[in-house]
Amino acid sequence: MNENEIDQLFATIKERLKDMPEGSYTVELSRKGLGYVARKVGEEAVETVVASLYESNERLVSESCDLIYHLLVLLAVKGVELEDVYEELRRRRK
């Protein structure tokens with residue numbers, strides 16, 4: 001994923017959290033609460049680590065996508081903007 005794809009995914013997540021369409025997994029996650037979303041990020045992080053150590057690169061890519069998605073949902077639920085994350089990354093690069 002590049003920044004543009006992440007931005008687009010984040011925009012879709014924020015839109016779903018605003019509009020709350022029925023049948024949306026993003027909405028389902030948010031309705032379960034912040035603690036649930038945070039635990040999902042942890043679960044996906046562990047699955048990503050396991051995939052990196054014991055599974056194929058294809059599984060690593062798949063689990064990485066799950067981790068990124070759930071992290072973006074967590075950020076959106078918390079009201080953190082991606083620009084804040086990008087700004088911190090730029091600060092750390094100096």
Side-chain angles (χ1 to χ4, degrees):
M1 283 180 141
N2 63 34
E3 183 178 314
N4 188 36
E5 289 163 347
I6 290 174
D7 287 337
Q8 289 174 9
L9 177 57
F10 193 62
T12 299
I13 289 167
K14 288 181 15 177
E15 180 181 307
R16 297 225 171 114
L17 292 176
K18 179 178 158 259
D19 297 342
M20 302 297 275
E22 288 302 316
S24 165
Y25 179 62
T26 300
V27 171
E28 179 185 328
L29 283 173
S30 72
R31 286 186 174 149
K32 291 182 178 182
L34 177 61
Y36 183 83
V37 176
R39 284 190 301 276
K40 283 299 289 182
V41 172
E43 175 187 319
E44 297 301 341
V46 169
E47 291 175 1
T48 301
V49 169
V50 170
S52 75
L53 295 172
Y54 304 111
E55 298 177 17
S56 67
N57 284 351
E58 188 175 274
R59 287 289 302 145
L60 175 57
V61 168
S62 177
E63 293 300 341
S64 296
C65 289
D66 289 346
L67 176 58
I68 290 167
Y69 164 76
H70 286 89
L71 179 58
L72 292 176
V73 172
L74 180 63
L75 292 172
V77 167
K78 287 289 295 180
V80 174
E81 292 296 328
L82 267 184
E83 185 53 40
D84 298 330
V85 175
Y86 295 151
E87 197 172 299
E88 178 64 14
L89 288 170
R90 285 190 292 272
R91 185 190 69 74
R92 291 179 182 202
R93 196 172 46 202
K94 292 180 181 179

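Computed from a prediction, not measured in an experiment: that's the story for all the values here.
Considering OH of Y69 and CD1 of I13, their distance stands at 5.5 Å, rounded to 0.5 Å. Between atom OH of residue Y86 and atom CG of residue D7 there is a gap of 3.5 Å, rounded to the nearest 0.5 Å.
The backbone N or O of Q8 sits less than 3.5 Å from a side-chain atom of T12, completing a donor-acceptor pair. In this structure, S52 contributes its side chain and V49 its backbone to a donor-acceptor pair below 3.5 Å.
Put simply, L53 and L67 are part of two different groups of oily side chains (I, L, V, M, F, W, Y) that touch within less than 4.5 Å, one to the next. At a threshold of 4.5 Å between side-chain heavy atoms, the hydrophobic network of Ile, Leu, Val, Met, Phe, Trp and Tyr places L9 and V27 in two separate groups. Placement of L29 and V80 within a single hydrophobic cluster is found when ILVMFWY residues are connected by side-chain heavy-atom separations under 4.5 Å, directly or transitively. In the hydrophobic clustering of this structure, I68 groups with F10; members are Ile, Leu, Val, Met, Phe, Trp, Tyr whose side-chain heavy atoms approach within less than 4.5 Å, directly or through other members.
For R93, there are no salt bridge (Lys or Arg N to Asp or Glu O under 4.0 Å) partners at least two apart in sequence or on another chain. Scanning for salt bridge (Lys or Arg N to Asp or Glu O under 4.0 Å) contacts around E87 gives an empty result, with sequence neighbours left out. Under the rule for a side-chain hydrogen bond (donor to acceptor under 3.5 Å, both in side chains), Y54 has no partner lying at least two apart in sequence or in another chain. In this structure, the side chain to side chain contact (heavy atoms under 4.5 Å, CB included) partners of S64, at least two apart in sequence or on a different chain, are T48, L60. Partners of E15 under the side-chain hydrogen bond (donor to acceptor under 3.5 Å, both in side chains) rule, at least two apart in sequence or in another chain, do not exist in this structure. When the side chain to side chain contact (heavy atoms under 4.5 Å, CB included) test is applied to L34, the partners found at least two apart in sequence or on another chain are L74, V77, K78. Scanning for side chain to side chain contact (heavy atoms under 4.5 Å, CB included) contacts around R92 gives E88, with sequence neighbours left out. Scanning for salt bridge (Lys or Arg N to Asp or Glu O under 4.0 Å) contacts around E58 gives an empty result, with sequence neighbours left out.
Scanning both residues, A76 and K14, for their nearest heavy atoms gives CB-CG, 4.1 Å.
Contact check for S30 versus V73: no side-chain heavy atoms found under the 4.5 Å cut-off.
In D19, the CG atom is crowded: over 12 heavy atoms of neighbouring residues, nucleotides or ligands sit closer than 6.0 Å.
Applying the salt bridge (Lys or Arg N to Asp or Glu O under 4.0 Å) rule to pairs touching residues 64-73 yields nothing, sequence neighbours excluded.
A salt bridge does not link R16 to E28: none of the charged nitrogens lies less than 4.0 Å from a carboxylate oxygen.
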Show the atom names and distances, to 0.1 Å, of all donor-acceptor pairs under 3.5 Å that link a side chain in residues 36-47 to residues at least two apart or in another chain.
{"residue": "R39", "atom": "NH1", "partner": "G35", "partner atom": "O", "Å": "3.3"}
{"residue": "K40", "atom": "NZ", "partner": "E43", "partner atom": "OE2", "Å": "3.1"}

